[in-house]
Amino acid sequence: MSKKHKGPTGPGRGPGTPATTALDAAGVSYTARTYAHDPSAPSYGLEAADALGVEPERVFKTLMVDVLGSGGSQLCVAVVPVTGSLDLKAAAAAFGAKKAAMADPTAAERRTGYVRGGISPLGQRHPSPTAVDESALAHATVLVSGGRRGFDIELAPADLVRLTGAVIARLGSAG
């Protein structure tokens, strides 16, 4: 199921998550894409691509990383294609840090306000520095979590970068 939105949607239209609220407030055009989530699916992102009938390289996952730099430890967001994996050394470099590790899932949920498998890079409770994999720019639109399992948002990569204040970097490695 898809719903196209341009700016404020009004009460009762769309799934109504902090991510859609942020997009509506910014007046960004996006398409809400929902599907029946299977809790036993081994990969949320590949499940979304299959269920929505889109190329997997256009679907991006939101990963929280803990980066360690001269200023100490900090949670950051890495947005990478579901077809590959996050290169932690590349993530550290993108954030100007010495090293990076995957964040504790509980800490990621607490910081973002979303549950694992539904963490959106948009509308987070406490926004974090964000990096988007450079491959996103090769597509007219990409899909990211809309803030719930079984709900993705399709939008222009430039809008994703602008709204998250992201840096563009090579973050992923082919899977």
Side-chain angles (χ1 to χ4, degrees), residues 1-9 13-39 41 43-49 51-52 54 56-66 74-84 86 91 94-95 102-133 135-137 139 141-169 171-172:
M1 170 190 265
S2 297
K3 290 185 180 181
K4 185 82 169 181
H5 298 280
K6 175 75 174 167
T9 58
R13 292 190 61 206
T17 65
T20 59
T21 299
L23 289 165
D24 290 342
V28 170
S29 180
Y30 65 94
T31 303
R33 309 281 304 261
T34 59
Y35 59 95
H37 168 64
D38 176 2
S43 166
Y44 296 128
L46 293 175
E47 174 198 23
L52 297 172
V54 299
E57 55 275 358
R58 287 184 46 224
V59 180
F60 284 69
K61 55 190 170 185
T62 305
L63 302 173
M64 295 296 294
V65 293
D66 194 356
Q74 172 177 273
L75 288 180
C76 295
V77 177
V79 182
V80 297
V82 301
T83 53
L86 175 64
F95 295 112
M102 294 305 298
D104 173 69
T106 303
E109 289 177 345
R110 194 175 319 118
R111 176 138 186 109
T112 64
Y114 294 118
V115 297
R116 189 170 135 325
I119 294 178
S120 178
L122 301 158
Q124 294 185 356
R125 179 181 293 147
H126 302 288
S128 299
T130 302
V132 173
D133 188 79
S135 66
L137 301 179
H139 307 286
T141 60
V142 294
L143 288 86
V144 296
S145 176
R148 292 185 187 156
R149 294 176 188 153
F151 173 49
D152 275 21
I153 295 170
E154 183 175 357
L155 75 166
D159 288 330
L160 174 64
V161 169
R162 181 174 55 84
L163 291 177
T164 59
V167 297
I168 302 294
L171 299 174

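The figures that follow rest on heavy atoms only: side chains count, while hydrogens, waters and symmetry mates do not. Please read these numbers as outputs of a predicted model, since none were measured by experiment.
Taking both residues in full, the closest heavy atoms of Leu171 and Ala131 are given as CD1-O, 3.5 Å, listed atom of the first, atom of the second, then distance. When every heavy atom of Asp152 is checked against every heavy atom of Ala48, the shortest pair comes out as OD2-CB, 3.7 Å. For Ala19 against Gly146, the heavy-atom pair with the smallest separation is CB-O, 3.5 Å. Minimum interatomic distance between Ser145 and Ile119 (heavy atoms only, all atoms of both residues): CB-O, 3.3 Å. The shortest non-hydrogen separation linking Leu86 to Ala78 is CD1-CB, 3.8 Å. The nearest pair of heavy atoms linking Val59 to Gly45 is CG1-O, 3.8 Å.
No side-chain heavy atom of Arg33 sits less than 4.5 Å from a side-chain heavy atom of Ile153. Inter-residue side-chain proximity for Lys61 and Val144 is flagged as unmet; no heavy-atom pair is nearer than 4.5 Å. At a threshold of 4.5 Å between non-hydrogen side-chain atoms, the residues Tyr114 and Glu109 do not count as touching. Side-chain contact between Met102 and Asp66 is absent, with no heavy-atom pair separated by less than 4.5 Å. A 4.5 Å side-chain heavy-atom check between Glu154 and Leu52 finds every atom pair outside the cut-off. Proximity of Val77 to Thr164: side-chain heavy atoms (C-beta onward) are nowhere separated by under 4.5 Å. Contact check for Leu75 versus Val65: no side-chain heavy atoms found under the 4.5 Å cut-off. Here the side chains of Met64 and Ser128 are in contact, with some heavy-atom distance below 4.5 Å.
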Criterion side-chain hydrogen bond (donor to acceptor under 3.5 Å, both in side chains) on Tyr30 and Asp159, from CA distance to verdict: CA-CA 9 Å; Tyr30 65 94; Asp159 288 330; over 6 Å; no

Run the numbers on Val82 and Phe60 for side-chain contact (heavy atoms from CB on, under 4.5 Å), then give the verdict. CA-CA 5 Å; Val82 301; Phe60 284 69; 5.8 Å; no

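Atom CG of residue Leu122 and atom OG1 of residue Thr21 lie 11.0 Å apart, to the nearest 0.5 angstrom. Here the straight-line distance linking atom CZ of Arg111 with atom CZ of Arg125 works out to 11.0 Å at 0.5 Å rounding. Remark: His139 NE2 to Glu57 CD distance equals 6.0 Å, nearest 0.5 Å.
Looking at Arg58, its side chain does come within 3.5 Å of a backbone N or O of Thr141 through a donor-acceptor pair.
Annotation: Arg162, atom CZ; neighbour count of heavy atoms from other residues, nucleotides and ligands within 6.0 Å is above 12.
Each of Arg148, Arg149, Glu47 was evaluated against His37; a single residue qualifies, Glu47, per the side-chain hydrogen bond (donor to acceptor under 3.5 Å, both in side chains) test.
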